[in-house]
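So the structure is just underneath, and the comments pick up after that.
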Amino acid sequence: MSILCGCCPLLECVYCLGCARWAYKRCLYTAGHDSKDWGLATTDEFEPVPRFCRYILAVYEEDIRNPVWEPPEGYGINPDWLLLRKTYEDTQGRAPAYILYLDHDHKDVVVAVRGLNLAKESDYALLMDNKLGKRKFDGGYVHNGLLKSAGWVLDEECKALKELVVKYPSYTLTFAGHSLGSGVATMLALLVVRHPDRLGNIDRKRVRCFAIAPARCMSLNLAVRYADVINSVVLQDDFLPRTATPLEDIFKSLFCLPCLLCIRCMKDTCVPEHKMLKDPRRLYAPGRMYHIVERKPCRLGRYPPVVKTAVPVDGRFEHIVLSCNATSDHAIIWIEREAQRALKLMMEKEKTMEIPEKQRMERQESLAREHNMEYRAALRRAVTLDVPHADSMSSEYGTFDKAQEDETEEEEEEETEEEEDKIAPMVGESSSSSSLRPSYKRRRNRGVSWDELIESLFERDESGNLTFEKPELRQ
């Protein structure tokens with residue numbers, strides 16, 4: 001009895017210290033930390049985001065010809081091109097409401113899915129149809145309920161999508177969704193890329209997905225592998241991409257929310273992030289991330305929004321931000337408004353700089369190369385962090401195939417050599433010094449080990465000792 005009496009106060013002290021540490025970390029943590037080291041997004045890659053936000057908003061309208069909730073810029077939808085609109089009555093709760101739109105202006109076939117309907121029990125049932133590690137998919141794990149919903153949508157619209165894809169071979173196929181709909185859209189993209197034969201063997205490069213305020217719906221290896229197809233958009237402090245607790249546990253614990261918060265607090269305090277990364281069942285926000293930052297810590301009001309982008313591995317929106325805007329930043333209306341503001345600022349900046357058309361096209365090509373490099377760097381980072389199944393990620397999938405990687409590395413080597421040839425005369429270096437390192441460049445691009453680096457820079461004499469290799473410099 002005396003032992004129990006002595007242990008209880010000790011446990012209480014440990015728990016209080018853990019809660020205090022958790023609160024201290026959360027109060028100091030701001031949304032800007034998530035993307036502080038990311039690069040800035042360009043106008044070309046971010047241009048579709050506000051448009052797809054408006055397409056998703058159009059799903060809420062009962063009659064698109066007589067809109068009730070139309071934003072100031074309008075929906076940008078031609079009613080004659082709206083091929084299909086499915087309501088909850090049509091889906092019978094198997095999927096959220098969605099539309100099929102043929103966008104001739106942008107040469108795009110769009111499937112837009114609405115977000116969570118708080119008044120529909122079927123949406124809650126869809127979210128709760130999952131357990132940690134319940135559904136495997138393509139070497140990783142996905143949310144079971146969202147995958148089943150996406151499968152139902154694909155079965156229903158497979159014939160119509162196949163006809164459109166075959167009829168318009170130059171058009172892209174885009175899946176867009178918000179909140180719950182973002183998870184369904186993401187799973188649709190995965191299914192189409194994984195089974196292209198269902199849509200007439202559609203090329204992976206024609207398929208893309210825009211997940212607005214995304215749910216955490218796939219394991220880390222899938223999130224990185226499909227980063228060339230899936231794009232996630234997060235507004236400042238949005239809570240959903242940061243909610244590491246499974247969605248089904250959140251809704252099951254609504255009547256015992258303090259218990260959930262206590263468990264979450266202790267887990268975040270005691271379990272380091274590198275251990276969480278090694279759990280193959282843990283779900284993450286999918287694909288390439290776009291973070292819209294419009295507020296600064298300890299300052300009032302909104303600032304001109306800045307959009308940052310990356311393919312992160314660790315630090316992938318892992319911490320909830322204690323902010324009064326955590327729920328309002330999840331609203332599709334606010335996301336559309338701030339995304340449009342950010343795009344307008346980007347376009348004004350480009351107009352001020354007056355970039356010629358040739359340089360703009362060259363910038364688009366270099367952007368594609370930079371994205372390729374980011375994907376491969378993310379893959380290497382995943383392997384370094386011992387992310388489960390990361391060693392098998394560079395296989396037959398689009399951006400990560402071996403042939404393209406070798407070709408890109410050769411291009412990078414040629415560009416580096418050209419740059420060195422141009423710079424050498426300026427700094428007084430002889431061209432012969434650059435010829436010492438071609439093998440080292442190749443090793444560096446594919447990940448050089450310490451032993452390989454030593455062998456490339458030194459040679460062994462007759463006695464077996466290492467000597468610096470510089471015979472060409474003496475000539």
Side-chain angles (χ1 to χ4, degrees), residues 25-50 53 178 182 186 209-216 218 220 223-224 226-228 230-244 268 273-274 276-277 283-299 301-331 334-343 345-346 349 367 370-371 373-379 381-382 385 387:
K25 289 172 65 178
R26 290 298 178 272
C27 289
L28 291 181
Y29 193 88
T30 61
H33 284 91
D34 293 313
S35 56
K36 63 179 180 180
D37 298 324
W38 297 5
L40 294 175
T42 63
T43 306
D44 294 325
E45 60 181 318
F46 192 72
E47 180 272 331
V49 173
C53 287
H178 168 251
S182 70
T186 299
C209 171
F210 284 86
I212 313 299
R216 298 167 72 102
M218 63 175 60
L220 186 56
V224 176
Y226 286 91
D228 61 327
I230 303 169
N231 305 279
S232 292
V233 181
V234 179
L235 175 60
Q236 189 80 21
D237 302 331
D238 189 358
F239 74 96
L240 189 60
R242 297 181 171 87
T243 306
D268 285 355
E273 185 175 343
H274 68 87
M276 297 181 184
L277 289 174
L283 303 183
Y284 293 82
R288 168 175 287 276
M289 309 299 299
Y290 290 90
H291 192 202
I292 306 174
V293 182
E294 57 170 357
R295 292 185 297 274
K296 298 182 181 180
C298 303
R299 298 185 185 181
R302 296 176 183 266
Y303 288 78
V306 175
V307 183
K308 295 190 173 184
T309 182
V311 184
V313 180
D314 50 337
R316 196 179 183 90
F317 292 101
E318 286 299 296
H319 302 288
I320 292 179
V321 179
L322 294 181
S323 167
C324 58
N325 300 293
T327 54
S328 62
D329 284 348
H330 185 68
W334 276 110
I335 297 174
E336 186 274 332
R337 189 176 301 175
E338 296 306 318
Q340 184 62 42
R341 282 184 61 202
L343 179 62
L345 289 173
M346 291 180 190
K349 185 177 180 180
L367 180 65
E370 289 171 9
H371 281 192
M373 294 172 64
E374 267 191 289
Y375 295 145
R376 290 188 285 114
L379 291 172
R381 178 65 174 164
L385 294 172
V387 173

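Proximity of a side-chain donor or acceptor of Thr309 to a complementary backbone N or O of Met289 within less than 3.5 Å is detected. The backbone N or O of Asp237 lies less than 3.5 Å from a partner atom in the side chain of Asp329, making a donor-acceptor pair. Under a 3.5 Å cut-off, the side chain of Ser232 and the backbone N or O of Pro286 do form a donor-acceptor pair.
For the atom pair Asp44 CG and Met346 CE, the distance stands at 10.5 Å (nearest 0.5 Å). Interatomic distance, CD1 of Ile292 versus CD of Glu338, reported as 7.5 Å (0.5 Å rounding). Taken from CZ in Phe317 to CG in Asp238, the straight-line distance is 9.0 Å, to the nearest 0.5 Å. Note that the CG atom of Leu235 and the CD atom of Glu336 stand 11.5 Å from one another [nearest 0.5 Å].
The minimum heavy-atom distance linking Val293 with Gln236 is given by the pair CA-OE1, 3.2 Å. Here the closest heavy-atom approach between residue Ala215 and residue Ser182 is recorded as N-OG, 3.3 Å.
In this structure the side chain of Arg242 reaches within 4.5 angstrom of the side chain of Val234, judged on heavy atoms. Side-chain contact between Lys308 and Asp37 is absent, with no heavy-atom pair separated by less than 4.5 Å.
Phe46 and Tyr290 have tilted rings, their planes meeting at an angle from 30° to 60° on a 0 to 90° scale. Using the six-membered ring where Trp is involved, His330 and His178 have ring planes that are tilted, between 30° and 60° apart.
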